[in-house]
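Owing to the predicted nature of the structure, the values given are computational and were not obtained by experimental measurement.
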Amino acid sequence: QSSSQPSAPPPARKNGGAAPPGTDDDRVSQGNDTRAASAASATRDDDAQSAPTSDTEAQTVMRRLLATLRARDDARAFFFEPVDPVRFGIPDYFDVIKAPMDLGTVDARIPQYATLDDFARDVRLTFANAKKYNRSPTNVVHHAAVECARVFERDLKKVAREHPSLAMVAGTTPATTTTGPPPTTGPPPT
């Protein structure tokens, strides 16, 4: 008969996060913004192993944009690690947030983003999730998401001016930015 005792709970990290990468509880906290991503650390480990030794221009810009956010106390406190709904006692988190994202995961995925627009979409998703789950505009996480999103969009516009070729790919120039729904093809729905 094989020994299949339940394992002891994994040790807590210094920053209050969960167990080391590769464990079932491989999710870490983001302060009061409580989002989680399954296997986030495993993804980061895989991403780090496949990262090229030198960045493309787009990757350099992406890293610069994240560095600006990382310099903010509110962004570091809430948005650079996946949320742990168990730790924060919010079992409905995944009922509300269907596509969790955090800036640490975005950072790890930089080598995988085909365009600056793909990168920006995930950064925006991070802040949109925080505002969606923490609905009250007076909530500290909601407020931080609004402010960080404002900074990110401001800096993304600067990138559009400084790197026109990247901006065109990213859809951040006025000529390619649209305000309405995307065009549809085929007959209208009935």
Legend entry - Basic-acidic side-chain contact under 4.0 Å: E162, K157: no
Inset, instruction - Evaluate the side-chain contact (heavy atoms from CB on, under 4.5 Å) criterion for residues V123 and L65: first the C-alpha distance (whole Å), next the side-chain angles of each, then the deciding distance (0.1 Å), finally the verdict. - result: CA-CA 10 Å; V123 172; L65 289 166; over 6 Å; no
Legend entry - Contact check, side chains of F79 and D74, non-hydrogen atoms, under 4.5 Å: no
Legend entry - Interatomic distance, L116 atom CG to H163 atom NE2 [nearest 0.5 angstrom]: 9.5 Å
Legend entry - Minimum side-chain heavy-atom gap Y133-V141 below 4.5 Å: no
Legend entry - Side-chain (D102) to main-chain (T105) donor-acceptor, under 3.5 angstrom: yes
Legend entry - Non-hydrogen atoms of C148 and R72 that approach each other most closely: SG-NE, 3.7 Å
Inset, instruction - Heavy atoms only: give me the nearest V96-R135 pair and the separation to one decimal. - result: CG1-NH2, 4.3 Å
Legend entry - Heavy-atom side-chain contact between T56 and Q59 under 4.5 Å: yes
Inset, instruction - Could you check if a side-chain atom of F78 sits within less than 4.5 angstrom of a side-chain atom of V140, using non-hydrogen atoms only? - result: yes
Legend entry - Side-chain donor/acceptor of N129 to backbone N/O of A99, under 3.5 Å: yes
Inset, instruction - Identify the heavy atoms of F127 and L69 that sit nearest to each other, and give their distance. - result: CZ-CD1, 4.1 Å
Legend entry - Closest contact, heavy atoms only, R124 versus E153: NE-OE2, 2.6 Å
Legend entry - V159 vs R64, side-chain contact (heavy atoms from CB on, under 4.5 Å): CA-CA, chis, key distance, verdict: CA-CA 10 Å; V159 166; R64 190 176 86 203; 3.6 Å; yes
Inset, instruction - Could you tell me which non-hydrogen atom of F94 sits nearest to which non-hydrogen atom of P85, and how far apart they are? - result: CE1-CG, 3.6 Å
Inset, instruction - Could you tell me the separation between the OH atom of Y113 and the CE atom of M62, rounded to the nearest 0.5 Å? - result: 8.0 Å
Inset, instruction - Give, for atom CG of L166 and atom OG1 of T60, the distance between the pair rounded to the nearest 0.5 Å. - result: 9.5 Å
Inset, instruction - Answer yes when R63 and D107 have at least one side-chain N-carboxylate O distance shorter than 4.0 Å, and no when they do not. - result: yes
Inset, instruction - Return the minimal non-hydrogen interatomic distance between A145 and K131, and the atom names on each side. - result: CB-CG, 3.7 Å
Legend entry - Pair F119-L66, side-chain contact (heavy atoms from CB on, under 4.5 Å): steps then yes or no: CA-CA 10 Å; F119 164 83; L66 282 182; 3.9 Å; yes
